[in-house]
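Lettering follows sequence order; numbering is per chain, from 1. Just so you know, these numbers use all the heavy atoms, side chains as well, and skip hydrogens, waters and symmetry mates.
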Amino acid sequence: MAEQSPITPRAKDFPEWYQDVIRAGDLAEPAIVVKGAMVIKPNGYAIWEKIQRELDDRIKATGHRNAYFPMFIPESFLKKEAEHVEGFSPELAVVTIGGGKELEERYVVRPTSETIIGHFFAKWIQSHRDLPMLINQWANIVRWELRTRMFLRTSEFLWQEGHTAHATHEESLKEVLRMLDVYADFAENVMAMPVIRGEKTASEKFAGGVKSYCIEGLMQNGWALQAGTSHDLGQNFGKAFDVKFQNMAGQSEYVWQTSWGVSTRLIGGLVMTHSDDAGLVCPPKLAPYHVVVIPIFKNDAERAATEEVGRRMVEDLKGKGLSVVFDNRDERPGAKYFEWERKGACARIEIGPKDLEKKSFAFKRRDLEKKEFVPMEKGVDHVVAQMEAMQKDLFNKAKKFRDESTRRIDTWDAFKAQMDGAGGFASCHWCGDGACEGQVKEDTKVTIRCIPLGNAKEAGKCVRCGRESGERVLFARAY
RNA sequence: CGGGGUGUAGCGCAGCCUGGUUCAGCGCGCCACGCUUGGGACGUGGAGGCCGGCGGUUCAAAUCCGCCCACCCCGACCA
């Protein structure tokens with residue numbers, strides 16, 4: 001039994017497993033010829049396209065419109081917001097030559113678009129009647145990273161970035177939280193990835209913003225993943241780019257802005273939330289393939305008969321909006337089973353001679369052990385129902401893991417022991433001092449992922465320094 | 001940028017210590033044909049490599065020496 005493209009078990013080496021799943025699932029490969037970049041292969045890009053479609057619908061449903069801004073940003077723009085440039089300058093790619101000639105002003109390849117969009121907002125916005133300005137952009141982003149991990153951190157990645165301007169802080173803050181909810185809903189209901197909504201501490205917030213909010217997921221190795229962010233930019237960029245409007249009283253005011261984004265990093269989160277030692281596991285709403293139909297036969301007559309029924313099955317399932325593959329390649333069935341499991345097909349259907357006799361087919365869901373036999377006439381409905389069930393089951397399974405991996409911890413020793421071991425979220429008291437937070441990070445590499453929204457107020461003592469604290473925050477190792 | 005490691009066929013590796021007829025090899029994959037097909041079959045035949053690059057030592061270099069380059073891991077920054 002020669003094993004092809006073996007996948008390292010999670011328990012043995014989680015990062016290795018992660019790479020293996022991506023490779024074996026044909027999602028992506030490191031570009032190598034371009035340092036830190038990756039090639040997203042069709043199987044991986046199909047997932048991204050589904051993410052885009054679902055999110056784009058939600059972004060538009062909340063009143064935003066798509067637009068596109070240049071990838072090159074004048075270097076001077078970055079410098080207009082002091083904290084922004086400080087935060088991003090270490091990871092900028094800069095264009096100095098164009099058409100063979102040294103440029104008068106260097107261009108930065110966008111690490112994010114607040115500045116260039118700020119510039120245009122200033123032109124577009126004059127009156128309160130122009131507000132709110134609700135813009136979204138699908139784009140590629142470049143950040144010169146030192147340490148890269150496929151999907152999770154690469155020097156170029158794809159994302160969506162929303163940029164909005166409002167007349168009041170009350171309104172912009174509402175927008176920030178509304179989009180955070182959109183992300184949370186998307187993560188849980190489409191990706192089947194449970195997330196915590198929360199607020200970032202000062203040290204983790206977006207450079208140039210006032211406050212950052214996030215959704216945080218928990219991966220199978222007990223590390224957290226920031227899956228999306230939504231920033232309250234206050235009037236910082238309004239002031240830097242002179243984005244002003246006349247209010248109803250005729251006075252000039254700076255706009256209140258927001259920005260929010262999710263990236264191809266989500267695919268990494270998807271992999272680390274659901275996949276197993278056999279390869280990719282994908283919730284039906286995002287899976288590149290829902291069903292694979294495999295005919296089984298011993299001779300030409302059986303081949304013709306099973307293929308005929310198989311093809312009809314494929315058409316019926318496609319009619320229900322499922323993406324279906326008919327795999328009649330000249331390989332042994334077992335080999336096909338393993339291949340489609342690696343590639344994350346949600347389910348497979350086997351149609352063999354015995355099935356023809358019994359007017360049934362064999363059905364195997366990717367996330368379950370057992371194989372079941374389903375009467376042909378109920379087949380399509382059964383498959384559709386199972387896709388819905390799988391979507392829910394994956395979420396529940398991930399949520400159970402997340403909940404069981406979230407612990408209230410009150411002593412420093414217990415904290416260290418937990419983080420040295422299984423990891424997970426540690427819900428702990430924190431004094432609120434950034435220095436203390438930094439010390440925890442230095443000692444344990446664990447960071448505060450967020451202060452959960454709607455957090456219960458509760459008196460306690462900081463897990464690190466023992467000073468007074470009014471609420472618990474979530475700590476974890478993070479990507 | 002520090003510390004460690006690796007560059008030999010598409011992938012994974014052996015060969016290097018002790019230069020030369022096991023030096024260009026193995027497993028997987030790939031191609032052809034046959035035989036098979038309800039959990040990774042098998043047989044036969046075949047294609048595929050400037051042994052990371054440059055220079056040196058030598059009668060002779062994948063092998064020894066020097067320099068360079070690339071990549072990976074670990075640390076400092078991060079959606």
Side-chain angles (χ1 to χ4, degrees), chain A residues 1-8 13 15-16 19-20 23-24 29-36 86-92 110-113 139-149 151-161 183 200 203-207 209 212 214-216 225-231 259-269 278-279 294-300 302-303 306-307 327-342 348-358 360-364 369 371 373 441-442 445 447 478-479:
Chain A
M1 193 171 71
E3 201 158 299
Q4 312 168 3
S5 354
I7 293 172
T8 306
D13 185 339
E16 198 60 37
Q19 306 260 79
D20 287 348
R23 178 183 43 73
E29 66 182 60
I32 299 183
V33 288
V34 182
K35 194 169 157 50
E86 194 195 326
F88 281 102
S89 48
E91 41 186 320
L92 295 179
R110 66 178 158 226
T112 179
S113 300
N140 58 337
I141 290 296
V142 169
R143 297 182 186 174
W144 216 259
E145 299 290 352
L146 301 175
R147 180 140 162 57
T148 57
R149 288 185 166 104
F151 288 113
L152 302 173
R153 178 163 295 105
T154 49
S155 44
E156 180 184 0
F157 58 94
L158 305 180
W159 80 352
Q160 145 289 303
E161 50 180 326
Y183 287 157
K200 284 293 185 189
S203 71
E204 298 271 335
K205 104 181 151 45
F206 176 73
S212 288
C214 62
I215 52 170
E216 294 278 332
L225 182 77
Q226 179 175 307
T229 48
S230 187
H231 311 296
S259 68
W260 27 272
V262 300
S263 71
T264 35
R265 163 178 265 204
L266 289 176
I267 297 174
I294 300 174
I296 292 160
F297 46 82
K298 288 196 181 61
N299 52 52
D300 286 348
E302 284 180 0
R303 177 178 200 135
T306 54
E307 287 195 358
D327 187 356
N328 64 340
R329 290 173 304 167
D330 189 17
E331 299 281 345
R332 297 172 73 86
K336 296 179 185 177
Y337 303 163
F338 282 100
E339 177 178 339
W340 290 110
E341 280 166 10
R342 286 199 297 275
R348 82 163 178 267
I349 286 174
E350 303 161 27
I351 298 176
K354 291 176 203 162
D355 297 305
L356 294 185
E357 263 175 52
K358 292 183 292 182
S360 69
F361 61 85
F363 181 81
K364 167 82 171 62
E369 284 302 315
K371 186 154 95 175
F373 294 88
K441 183 176 180 182
E442 200 173 302
K445 292 176 184 159
T447 50
Y479 281 101

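Note on A:Pro111: nothing from the nucleic acid sits closer than 4.0 angstrom, heavy atoms only. Within 4.0 Å of A:Gly261, counting heavy atoms only, lies no atom of the nucleic acid at all. If you check every strand for non-hydrogen atoms under 4.0 Å, A:Glu145 touches a base. Base engagement by A:Arg348 is indicated by at least one non-hydrogen atom pair under 4.0 Å involving a base atom. Across all strands shown, A:Tyr479 has no heavy atoms under 4.0 Å from either base or sugar-phosphate atoms. Across all strands, A:Leu152 comes closer than 4.0 Å to base atoms (heavy-atom distances). Note on A:Glu341: a base of the nucleic acid sits closer than 4.0 angstrom, heavy atoms only. Residue contacts for A:Thr148: at a heavy-atom cut-off of 4.0 Å it reaches no nucleic acid atom on any strand shown.
Put simply, CG on A:Asp13 is 16 Å from P on B:rC72, counting in whole angstrom units. Atom CD of A:Glu302 is separated from atom P of B:rG38 by 11 Å (rounded to the nearest Å). In this structure, NZ of A:Lys298 is placed 7 Å from P of B:rG38, rounded to the nearest angstrom. Rounded to an integer number of Å, the gap from CD of A:Glu91 to P of B:rA76 is 16 Å. Between the C1' atom of B:rG38 and the CG atom of A:Leu356 lies a distance of 12 Å, rounded to the nearest Å. The distance from atom CD1 of A:Ile7 to atom P of B:rC28 is 19 Å, rounded to the nearest whole Å. Atom CZ of A:Arg342 is separated from atom C1' of B:rC28 by 12 Å (rounded to the nearest Å). The separation between A:Ile296 atom CD1 and B:rG40 atom P is 12 Å, rounded to whole Å.
Nucleotides B:rC35 and B:rA41 have their C1' atoms positioned 10 Å apart, rounded to a whole Å. Between B:rG29 and B:rC72, the distance separating the two P atoms is 27 Å to the nearest Å. With P as the reference atom, B:rC69 and B:rU58 are 27 Å apart, rounded to whole Å. For the C1' atom pair drawn from B:rG43 and B:rG39, the interatomic distance equals 23 Å after rounding to whole Å. To the nearest whole angstrom, the two C1' atoms, one in B:rC77 and one in B:rC1, are 12 Å apart. Comparing the P positions of B:rC73 and B:rC13 gives a spacing of 14 Å, expressed to the nearest Å. To the nearest whole angstrom, the two P atoms, one in B:rG53 and one in B:rG10, are 14 Å apart. Using C1' as the reference atom, B:rC42 and B:rG3 are 50 Å apart when rounded to the nearest Å.
Nearest-nucleotide assignment on RNA chain B puts the 5′-proximal partner with A:Phe297, out of A:Phe297 and A:Gln19. Both A:Lys371 and A:Ala478 sit near RNA chain B, but only A:Lys371 has its closest nucleotide nearer the 5' end.
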Side chain to side chain contact (heavy atoms under 4.5 Å, CB included) assessment of A:Arg348 paired with A:Lys336: CA-CA 10 Å; A:Arg348 82 163 178 267; A:Lys336 296 179 185 177; over 6 Å; no
A:Trp260 and A:Gln160: CA distance, side-chain angles, deciding distance, side chain to side chain contact (heavy atoms under 4.5 Å, CB included) verdict: CA-CA 8 Å; A:Trp260 27 272; A:Gln160 145 289 303; 3.3 Å; yes
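Counting only heavy atoms from C-beta outward, the side chains of A:Thr306 and A:Leu356 approach each other to under 4.5 Å. A:Trp159 has its side chain out of reach of A:Arg265: every pair of non-hydrogen atoms, C-beta onward, lies at least 4.5 Å apart. Within the 4.5 Å cutoff, side-chain heavy atoms of A:Glu339 are placed close to those of A:Arg342.
In this structure, the aromatic ring of A:Phe338 is positioned over the six-membered ring of the base of B:rG40, centres within 5.5 Å and planes within 30°. Between A:Tyr337 and B:rG40, no base-stacking contact is recorded for ring centres under 5.5 Å apart and planes less than 30° from parallel.
Out of B:rG40, B:rU37, B:rG38, the shortest distance to the side chain of A:Asp330 is found at B:rU37. Taking every side-chain heavy atom of A:Arg265 into account, B:rA79 is the closest of B:rG38, B:rA79, B:rG40. For A:Arg143, taking side-chain heavy atoms from C-beta onward, the closest of the listed nucleotides B:rU37, B:rA79, B:rG40 is B:rA79. Taking only side-chain atoms of A:Lys354, from C-beta outward, the nucleotide of B:rG39, B:rG38, B:rA79 with the closest atom is B:rG38. Taking every side-chain heavy atom of A:Ala362 into account, B:rG38 is the closest of B:rG38, B:rG40, B:rA79. Each of B:rG39, B:rU37, B:rA79 was ranked by its minimum atom distance to the side chain of A:Thr229; first place goes to B:rA79. When distances are taken from the side chain of A:Lys445 to each of B:rG75, B:rG40, B:rU37, the shortest belongs to B:rG75.
Relative ring orientation between A:His231 and A:Phe206 is described as parallel, the plane-to-plane angle staying below 30° on a 0-90° scale split at 30° and 60°.
In this structure, A:Phe373 and A:Ala362 approach most closely via the heavy-atom pair CE2-CB, 3.6 Å. Minimum heavy-atom separation, A:Lys364 to A:Glu369: CE-O, 3.3 Å.
Within 3.5 Å, no donor on the side chain of A:Glu350 pairs with an acceptor on the base of B:rG39, nor the reverse.
In this structure, A:Arg332 does not reach the B:rU36 phosphate: none of its side-chain N or O atoms is under 4.0 Å from OP1 or OP2.
Residues passing the ring pair (Phe, Tyr, Trp, His ring centres under 6.0 Å) test with A:Tyr337, sequence neighbours excluded: none.
Stem analysis of RNA chain B (at least three stacked-register Watson-Crick or G-U pairs, each with both distances under 3.5 Å) gives B:1-7 with B:69-75, B:10-13 with B:25-28, B:30-34 with B:42-46, B:52-56 with B:64-68.
In this structure, A:Asp300 places its CG atom where only 12 or fewer heavy-atom neighbours from other residues, nucleotides or ligands lie under 6.0 Å away.
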